[in-house]
Amino acid sequence: MGVIEHHVQENPNSPEFTSGVAVVDRIENGDDAKSDENNNTDDDKAATVEEVAGATTGAEAGKGDDQPVAVVVDQEELKQEIRDRLFEGAPAAEPVAFDKWKKWHVWGAILTTILVITTIIGLSVGLTKARKEDGEDDGSLPTLELIKKKGFVRCAIGWHDELEEDLCKAFAAAVLGNSSAYEVVKIGWGERWPILQNRSVDIVTLMSTLTMDREVHQADSGTGYSFSIPFFYDGAVFGGVPEYVDCADKRNAFFGKCKGVRVCITEGSSTYDVISDFLPDAIFRPSKYEDMIEGLKDSTCNVFVEGSFDVSEHRVRENNFTGDYKVGTNFFSKSPLSTVVREDDQQWADFVNWVIKAFFVAEQQNITDANAEEFMTTDLFGLEYKNMFINAIAAVGNYEQLYTKYFSESVPRGGLNLINNGSTALLYAPPFGTIQKKTVGVVNSTMIENIHERGVLHCGKIQGEVWSELGAAYCDALAASLFKENASKVEFIEISDDEEGLSMLDSGEIDVLSGGRVNLQDDVGGATEAYYGHTFSLPYFYKGNDEIALVTREDDPKWSDFVYWTVAATFYADEYKIKQDFYLDMPKVQVFGSHLEDMFQQAIKAVGNYREMHDAHVGADVDQDARNNQNLNPYTAQIHVPYYDPPKNMG
């Protein structure tokens, strides 16, 4: 197959800008991030749309005449070119009408798979060749250095390309001080992992659900990825002909008129795994969003399922559907949507994560693109990035501006996508994904291997705080997960404060620090010059301005993942009412290898779920902070603004 070249158009009025803005259109429209997710569901706990309402966001920095303009490649022309290359010399085949799709779905799936695989390979080869020809392809360079060398940020975007392109602008502004110094590669959902893994792009701004399997060991690419803090919380919801939407919302395709339910789900969507549990014989799988709308028009299906934005009536009417229409009231999955980077560059992951957080802070402080210079600065990534947050906000605005621009007409903001003011629950378990599928390949963690060989976990325990014993219980949970039932294989080292704990963590005297306070400086900059930064688990306790979490070094992402998801497991157990005595109800875990498949069960057996841990080691009478509860249906504000001291400098 020939090389697929990306197309670049440069503005003749800006000769000084040589990289331009490139857009590589996807060959075949893939599944949207919001419905392409492996998520956990509970038959008794479907959240309402109004409770989760929100969407990914973005805002557009104005482009003057002296700035490059993104040009989208003509999709049909590009598709035809690829087909010509793929099937040159092959006998012609009659096209299969969409209304005959079900009859021919087996052959269609085979041909689609071949086309998608070939497309991904071709796209990756083409981008890799382009990088090498441009002198960019140096795998030894950290991403920030690579971006500076080539002079632009390259982002992978998807269906909501305007939003995702604006996020790319923000990162370009943050790194290079120039919101026009970026390229975008337009892809389908399945292309995210290979294009990111082979360094063809610097970041995937196509909104993707944070799941355990993707963070630890994404099956198709055989590696894990780093996800930013969620930018938008969403889930799968039904839309379509009102009477059949009501049936689907009730999980009924078996009785009376509900026997006529016919559901469209985008080809390749893992939402299929969720919906097929209760609508097994009523599913059609067209290849793209537009085909689902066509399916509604010609009655191939009377209901379809996607994320809340794509199911919204505003979006459907934009695609010329004129029949009776209704959006369902329940969500059937969790989708905390994030940007994604490779896991082998934690500095870049930190950079991206804190730019996302800056959008939330800016909204709370009423700082917009118009007064962005009032925002705080930091030199923690280096003096050249001192104004990284100011530049990002100046380019695209704060979170509220982004949300209003792209989604307010379709999905009114509310529920999880509001900023938490400290008065409602904040504990939230991200979905696990397909963690029970046996892992192909090896998940390497030097830290886990060393702990096993040593036969004991070294846990630093900050003394004298109301959360100290709760943190120690989490170390018991880690030991039980690592050593199969033996929570006693942990040695506690008493520590006076965060600074001492981080120093011991950096020197290797402890494996994990309990009771650490989440903050930018300790995340990005190590306590010693010998080490760069740290990774925080999900916060498990809130008090005043403090977010309390387990802390690990950043040099072993898999160990950090192990710690993060062990904490998440206690939240999950609390959410689904799995108490200590019923630990076997926790799912098996294969992503770390079969020898650790009982990690969640052993953790809950040792310490119980979060509420049991909290009541045993803190006490409801001592802790009255509403944030230390699970954010459950009906969902409340989940976006948390981190606290900074001093407020004018995030470092």
Side-chain angles (χ1 to χ4, degrees), residues 6 8 17-24 26 33 58 61 68 70 120 123-158 161 163-187 191-208 214-215 218 221 223-229 231 338-356 358 381-382 384-385 388 391-392 395-396 524 557:
H6 63 284
V8 180
F17 191 85
T18 58
S19 65
V21 179
V23 179
V24 181
R26 79 188 84 185
I120 293 173
L123 180 60
S124 299
V125 169
L127 286 171
T128 301
K129 179 179 178 181
R131 288 188 291 114
K132 290 181 177 179
E133 289 175 351
D134 294 341
E136 305 166 19
D137 189 38
D138 187 342
S140 65
L141 284 179
T143 305
L144 282 173
E145 293 300 316
L146 178 63
I147 291 171
K148 288 193 299 180
K149 178 181 178 181
K150 65 188 180 184
F152 59 90
V153 178
R154 181 179 284 134
C155 308
I157 66 174
D161 51 352
L163 157 69
E164 292 154 0
E165 186 172 336
D166 264 1
L167 292 178
C168 194
K169 290 179 186 177
F171 294 122
V175 178
L176 300 168
N178 180 357
S179 64
S180 297
Y182 69 93
E183 292 184 357
V184 292
V185 181
K186 196 170 184 182
I187 63 171
E191 297 163 308
R192 283 172 292 188
W193 317 120
I195 203 174
L196 190 57
Q197 183 184 22
N198 68 16
R199 300 175 66 90
S200 294
V201 297
D202 305 309
I203 182 172
V204 172
T205 55
L206 186 161
M207 287 288 134
S208 305
R214 290 174 170 179
E215 191 165 61
Q218 199 278 328
S221 57
T223 188
Y225 298 90
S226 290
F227 289 73
S228 70
I229 186 174
F231 195 64
S338 307
T339 59
V340 192
V341 298
R342 292 178 297 277
E343 71 171 359
D344 61 358
D345 190 341
Q346 289 301 306
Q347 181 190 34
W348 175 233
D350 288 343
F351 191 99
V352 168
N353 197 44
W354 286 95
V355 168
I356 297 294
F381 290 96
E384 61 189 309
Y385 304 116
M388 56 185 282
N391 292 338
V396 301
V524 176

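- Side-chain contact between L196 and V340 is present, with at least one heavy-atom pair separated by less than 4.5 Å.
- Using a cutoff of 4.0 Å between basic side-chain nitrogens and carboxylate oxygens, K150 and D202 are scored as salt-bridged.
- Across V153 and L176, no two heavy atoms sit closer than the pair N-CD1, 4.4 Å.
- Here the side chains of L144 and Y385 are in contact, with some heavy-atom distance below 4.5 Å.
- Here Y225 pairs with W193 under the ring pair (Phe, Tyr, Trp, His ring centres under 6.0 Å) rule; sequence neighbours left out.
- Minimum heavy-atom separation, A181 to A172: O-CB, 3.4 Å.
- Taking Q218 as the reference, S221 meet the side chain to side chain donor-acceptor pair (under 3.5 Å) condition, with sequence neighbours excluded.
- Scanning both residues, C168 and V184, for their nearest heavy atoms gives SG-CG1, 4.1 Å.
- Taking both residues in full, the closest heavy atoms of Q346 and S226 are given as NE2-OG, 3.2 Å, listed atom of the first, atom of the second, then distance.
- Considering V352, V204, L206, N353 as possible partners of T339, the one that fulfils the side-chain contact (heavy atoms from CB on, under 4.5 Å) test is V352.
- For the pair E164/C155, no side-chain contact is recorded, criterion being any heavy-atom separation below 4.5 Å from C-beta on.
- Heavy atoms only, all atoms of each residue included: S338 and S228 are closest at OG-O, 3.0 Å.
- You'll find the side chain of E191 stays beyond 4.5 Å of the side chain of V185, heavy atoms only.
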Can R342 and W348 be said to form a side-chain contact (heavy atoms from CB on, under 4.5 Å), step by step? CA-CA 9 Å; R342 292 178 297 277; W348 175 233; 5.5 Å; no
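- Atom CZ in F381 sits 7.0 Å away from atom CD in Q347 (nearest 0.5 Å).
- Contact detail for R154 and S200: the closest heavy-atom pair is CD-O, 2.8 Å.
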Go through the steps for T205 and F171 under the test side-chain contact (heavy atoms from CB on, under 4.5 Å), then give the verdict. CA-CA 10 Å; T205 55; F171 294 122; 4.0 Å; yes
